[in-house]
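Report on the following structure.
Chain letters run A, B, ... following the sequence lines, proteins first and then strands; every chain starts at 1. Keep in mind that what you see is a predicted model, and the values were worked out from it rather than measured.
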Amino acid sequence: MAEYNFRDIEKKWQAYWAENKTFESKVDKSKPKFYALDMFPYPSGAGLHVGHPLGYIASDIVARFKRIKGYNVLHPMGFDAFGLPAEQYAIQTGQHPAVTTRQNIEKYKTQLKNMGFSFDWDKEVQTCDPKFYKWTQWITIQLFDSWYDKEKESARPVSELVTVFEQDGNEKLKAVCDDDTPVFSAKEWAGLTTGQQQRLLLKYRLCYLSETTVNWCPALGTVLSNDEVKDGFSERGGHPVIRKNMSQWSMRITAYAERLLHGLEVIDWPEPLKEMQRNWIGKSTGAELDFATEVEGVKIRVFTTRIDTIFGVTFLVLAPESELVEKLTTREQEEAVRTYVQTAQNRSERDRMSDVKTISGVFTGSYAIHPFSGEKVPVWVADYVLSGYGTGAVMAVPAGDSRDHAFARHFDLPIVKIIEGTEIEHEADDTKVGKMVNSGFLDGLEAMDAIDKAVEVAEEQAIGEAKINFRMRDAIFARQRYWGEPMPIYFKDNIPYPLPVEQLPLELPEIDAYKPTEDGEPPLGRARDWKPQEGSHYELSTMPGWAGSSWYFFRYMDAHNEDVLVDKEIQEYWENVDLYIGGSEHATGHLLYARFWTKFLYDLGYVNVDEPFKKLVNQGMIQGRSNFVYRIQGSNRFVSKNLKDQYETSAIHVDVNMVDNDILDIEKFKSWWPDLADAEFILEDGKYICGSEIEKMSKRYHNVVNPDDIVEKYGADTLRLYEMFLGPLEQFKPWNTNGIDGVFKFLRKFWNLFHDSQGNFRVSKEAPGKEALKIMHQTIKKAEEDIDRLSFNTSVSSFMICANELTRLQCNNREILENFVVILSPYAPHIAEELWAKLGHEESILNASFPSYHEDYFKEAAYEYPVSVNGKMRAKMSFALDMPHEDIEKQVLASEVIQRWTEGKTPRKVIIVPKKIVNIVV
RNA sequence: GCGGAUGUGGCGAAAUUGGUAGACGCACUAGACUUAGGAUCUAGCGCCGCGAGGCAUGGGGGUUCGAGUCCCUCCAUCCGCACCA
């Protein structure tokens with residue numbers, strides 16, 4: 001009997017697709033386009049586990065669905081191939097990262113191809129390929145050669161900036177630049193040396209070099225961007241991170257803060273993810289205000305969002321790093337302040353964060369003058385004020401801010417009530433509701449109105465102005481590592497210049513080892529004779545991991561173009577990504593940087609969209625389910641889970657592949673390690689039961705399930721269906737193979753619909769019955785609607801119902817089955833292709849078209865209305881489709897059954913919800 | 001602390017606009033066919049009750065003829081941010 005033989009079928013069709021380039025996509029203006037993209041993987045040595053394909057399956061279903069709906073689909077795949085693990089491995093083994101990366105990529109591709117994805121492999125990109133990173137470098141040069149015009153809200157070439165400087169200096173210019181940029185006139189500009197001019201221009205460039213405090217990770221020997229640091233440790237490897245001043249390349253992403261925020265309103269992304277980006281950008285609207293001090297010529301500028309509380313200010317606080325600290329410290333306080341500042345500076349990021357609740361600070365000895373009341377307010381230094389945010393100085397309002405309140409109480413500073421009716425003795429009240437009191441000209445105003453009034457007065461008196469601040473910082477754009485894109489920058493006389501475009505790509509040089517040099521230079525310092533010309537040298541840092549991933553989605557459109565990063569016409573056809581699937585862990589990294597670069601390329605006219613991803617879906621991670629055995633301490637005996645409390649045991653992770661339904665395969669276990677060969681076991685009911693826990697799927701927990709094993713045992717189609725069946729795409733869920741049989745049985749049942757008991761292919765031309773038509777059209781409708789809302793699990797269920805029903809009806813009508821094959825094909829492409837071919841079609845099922853459904857087939861002539869009495873379901877009654885309400889009402893009330901439920905009472909009300917329910921209220 | 005999400009049988013989960021809660025699958029139970037079954041088929045399967053019926057969507061309250069769905073409140077779990085003035 002010829003059973004459903006998935007192995008042969010899958011092999012056959014994968015070969016067919018490759019040979020016929022079935023998934024190739026070309027610009028075709030006669031069809032609407034659809035761009036379905038997955039976040040490309042980093043090819044790690046461990047290979048794919050069952051969690052990786054989840055998102056790929058979903059996007060593949062959509063891609064295949066859109067194809068049979070008549071769209072021209074771009075569905076590519078590639079590799080984010082630069083990165084730390086390959087480099088760490090290289091440091092340990094001396095093996096070139098390019099070699100291991102290539103091997104890993106091959107492994108990934110084999111695994112991916114086994115799952116039947118409809119990727120157009122001709123469009124594959126690898127970020128570590130010089131042909132690709134040529135353009136990453138090219139974009140970097142464009143960023144270097146651009147500045148941000150606040151007036152036009154757009155990036156512009158630096159050459160135009162130079163023209164502005166030559167004509168007017170920078171006095172009237174509205175541009176985004178470093179905070180310490182001096183004001184100069186055209187005349188002053190003309191008087192500068194080339195070197196001085198270049199240094200000034202760096203303060204405007206979107207890719208720039210500056211002296212900044214960076215996150216330095218000593219263990220990795222490199223700087224990290226803010227999104228790569230989690231709780232004071234590096235995200236990769238978990239090494240401690242310290243603050244350090246260094247000259248570093250950065251990207252002026254802050255120039256785009258406002259647009260990055262606004263853009264969120266027009267894209268279809270999950271709300272939580274948008275919220276994360278909003279938080280990260282951290283816009284706050286407030287005002288800056290100057291406080292004069294007792295020291296001649298020194299003013300303290302503060303940023304506040306609550307200028308309405310200005311009369312509640314009882315002291316000012318400076319960040320320890322503020323340069324005003326020195327100027328304002330009196331002789332008597334000098335010693336104390338210096339000690340405090342030094343302690344604060346020496347604390348690592350980690351210490352400072354873990355110590356948030358400790359209140360510390362020191363008085364500078366001097367006083368500032370309240371701009372409105374003229375009162376003296378003491379100036380303090382405290383590390384709860386951050387140098388990197390706002391102006392590095394705050395006006396403290398203990399009545400309205402809990403930190404100020406705590407500080408005031410700790411150091412016994414006054415607390416002044418400024419909003420009527422608030423209770424502020426023990427706690428600050430930060431609500432903006434109530435009338436102002438003790439507040440001079442603000443008295444009697446509502447807090448919200450007082451904000452506007454205070455800003456108005458401050459601007460009138462020229463002591464302050466409305467101001468918007470962002471929490472987001474510029475992104476560090478260099479790593480002191482080998483395995484990344486070399487910066488296309490060289491230095492001459494200590495001034496950085498971009499490499500001429502025709503010299504790109506600047507390829508990674510060969511080096512003898514992948515560690516930093518003896519004198520602490522990055523690994524590229526080891527490269528010999530690696531310089532553009534005598535007297536100049538290349539930048540030794542490489543780009544961060546996010547460089548290539550910030551624009552790769554454009555490259556797929558035109559992956560082999562050697563002249564431009566993407567052909568304009570081609571890009572204008574594909575525009576941007578219609579559906580992007582990937583993990584939410586990239587919320588404040590990749591997904592922000594990609595938006596930034598897209599907006600930049602848009603400003604310069606290289607692309608015609610300013611958002612890269614129209615719709616984004618976060619697939620939930622598939623977690624691992626770890627199993628444990630319990631070793632009796634100091635022995636080679638293992639005790640079953642429910643008996644373990646009788647002994648002193650330690651739990652040991654055991655490879656989940658030796659465990660079935662928590663029952664340990666003792667023979668396999670014994671051969672796991674040599675010293676387990678003579679292990680003894682204390683069993684319960686003759687079995688060894690393992691403990692279990694949900695953890696991240698990882699090699700070190702021995703809980704990795706390889707999709708290859710599932711494909712081998714059940715086939716790729718079953719794996720695809722099962723991963724979708726597991727639950728909603730967005731949800732996190734542990735991997736569990738328990739239910740996979742059900743899905744496999746469905747495929748076999750589906751196969752059997754087309755085959756007789758001898759295994760001969762068999763469909764009939766006999767007209768299908770009403771019931772068969774009904775279930776078929778319902779299923780078509782469901783399949784279509786479910787894909788539109790990415791509800792794949794419910795779709796799989798409806799396929800099963802359909803197969804059950806058709807089997808029960810013994811229906812093997814040709815057209816019905818043909819429709820079924822087509823709607824199933826996005827989910828289980830191999831079996832669908834096979835049956836499609838058996839049905840006599842010569843082309844791939846991707847050339848089929850998705851069937852349309854007709855509600856007539858499953859609409860009944862009459863509706864069955866549930867009837868409820870006082871909201872409680874009581875009976876079912878049939879009514880004709882278009883029966884008027886009055887007739888329905890009459891019929892219901894006349895019914896003896898209903899009379900009984902209403903106990904003969906006359907109803908007060910009869911509610912008829914068309915096509916849904918009839919409710920009688922007594 | 002702030003922000004966001006989630007909470008439904010033994011388990012994974014359905015329920016698209018408020019309208020018969022638990023579809024579908026797993027596990028389980030009984031039966032059929034079998035030399036046998038980790039194959040297949042049939043039936044059952046939220047809880048209490050012999051039954052009619054009653055109770056059930058984290059707890060409590062509300063709106064409604066009617067609430068898993070809307071509102072308030074509390075609890076639990078997960079995620080993100082965390083001295084951002």
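With rounding to whole Å, A:Met276 atom CE is found 12 Å from B:C78 atom C1'. Put simply, CD1 on A:Ile775 is 15 Å from P on B:A23, counting in whole angstrom units. In this structure, A:Asp786 places its CG atom 17 Å from P of B:A13, rounding to the nearest Å. In this structure, the CZ atom of A:Arg471 is 9 Å from the P atom of B:C83, given to the nearest Å. If you take CD1 of A:Ile281 and P of B:C81, they are 14 Å apart, rounded to a whole angstrom. The distance from atom CG of A:Asn738 to atom C1' of B:G25 is 11 Å, rounded to the nearest whole Å. Atom pair A:Leu289:CG and B:A85:P shows a separation of 16 Å (rounding to whole Å applied). Protein atom OH of A:Tyr722 is 10 Å distant from nucleotide atom P of B:A13, rounded to whole Å.
Of the candidates B:A14, B:A85, B:U16, B:A14 carries the atom nearest the A:Thr794 side chain, counting heavy atoms from C-beta on. With distances taken from any side-chain atom of A:Thr305 to the nucleotides B:A85, B:A13, B:A15, the minimum falls on B:A85.
Projected onto RNA chain B by closest heavy-atom contact, A:Arg306 and A:Ser798 fall at different nucleotides, the more 5' of which corresponds to A:Ser798. Two residues, A:Ile920 and A:Ile917, neighbour RNA chain B, and the one matched to the more 5' nucleotide by heavy-atom proximity is A:Ile917.
Salt-bridge check for A:Arg789 with A:Glu785: failed, with every basic side-chain N at 4.0 Å or more from each acidic carboxylate O. Note on A:Lys774 versus A:Glu805: no salt bridge recorded, every NZ/NE/NH1/NH2 to OD/OE distance being 4.0 Å or above. No salt bridge links A:Arg278 with A:Glu265; every basic N to acidic carboxylate O contact stays at or beyond 4.0 Å.
Using modelled atom types, one finds no donor on one side chain facing an acceptor on the other under 3.5 Å when comparing A:Thr422 with A:Asp429. Using a 3.5 Å distance cut-off with no hydrogens or angles, the side chains of A:Asn618 and A:Ser584 do not pair a donor with an acceptor. In this structure, a donor-acceptor pair under 3.5 Å is present between the side chains of A:Asp474 and A:Thr254. For the residue pair A:Ser791/A:Thr794, the side-chain donor-acceptor check at 3.5 Å is satisfied. In summary, the side chains of A:Tyr340 and A:Thr364 do not present any donor paired with an acceptor at a separation below 3.5 Å, with no hydrogens or angles considered.
Taking the C1' atoms as reference points, B:A27 lies 32 Å from B:G19, given to the whole Å. Using C1' as the reference atom, B:C78 and B:A85 are 30 Å apart when rounded to the nearest Å. Taking atom P on both B:G12 and B:G62, the two are 32 Å apart, rounded to the nearest angstrom. Between B:U16 and B:C28, the two C1' atoms lie 33 Å apart (nearest whole Å). Using P as the reference atom, B:G49 and B:C55 are 16 Å apart when rounded to the nearest Å. Taking atom C1' on both B:U63 and B:G7, the two are 23 Å apart, rounded to the nearest angstrom. For the P atoms, the distance from B:C33 to B:A15 is 40 Å, rounded to whole Å. Going from the P atom of B:G18 to that of B:C70 covers 8 Å, rounded to whole Å.
The phosphate of B:A14 has OP1 or OP2 within less than 4.0 Å of a side-chain N or O from A:Asn793. Of the side-chain N and O atoms in A:Tyr384, none sit less than 4.0 angstrom from OP1 or OP2 of B:A85. When the side-chain nitrogen and oxygen atoms of A:Ser584 are compared with OP1 and OP2 of B:C79, none of them lie within a distance under 4.0 Å.
For A:Trp751 and A:Phe746, the ring centers sit 6.0 Å or farther from each other. The ring of A:Phe820 has its center closer than 6.0 angstrom to the ring center of A:Phe750.
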* In B/S/- notation, 5' to 3', how is nucleotides 1-12 of chain B contacted by protein heavy atoms closer than 4.0 Å? -> --SS-------B
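Between A:Tyr384 and A:Phe407, the ring planes are tilted. Angles from 30° to 60° get that label.
More than 90° away from 0 lies the glycosidic angle of B:G38, which makes this nucleotide anti.
The shortest non-hydrogen separation linking A:Pro320 to A:Val325 is O-CG2, 4.0 Å.
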* Asked: So A:Tyr827 and A:Asp717, side chain to side chain donor-acceptor pair (under 3.5 Å) or not? Walk me through it.
  -> CA-CA 7 Å; A:Tyr827 291 79; A:Asp717 286 342; over 6 Å; no
* To do: Could you summarise the pairing of RNA chain B as dot-bracket text, marking Watson-Crick and G-U pairs under 3.5 Å with ( ) or [ ] inside the strand and | across strands?
  => (((((((..(((......[....))).(((((.......))))).(((....)))..(((((..]....))))))))))))....
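Taking NZ of A:Lys274 as the start and CG of A:Leu264 as the end, the distance is 6.5 Å to the nearest 0.5 Å.
Residue A:Asn804 is classed as a sugar-phosphate contact, given heavy-atom separations below 4.0 Å to backbone atoms only.
If you check residues 739-748 of chain A against RNA chain B, the residues with a heavy atom closer than 4.0 Å are A:Gly739, A:Gly742, A:Lys745, A:Arg748, listed by number.
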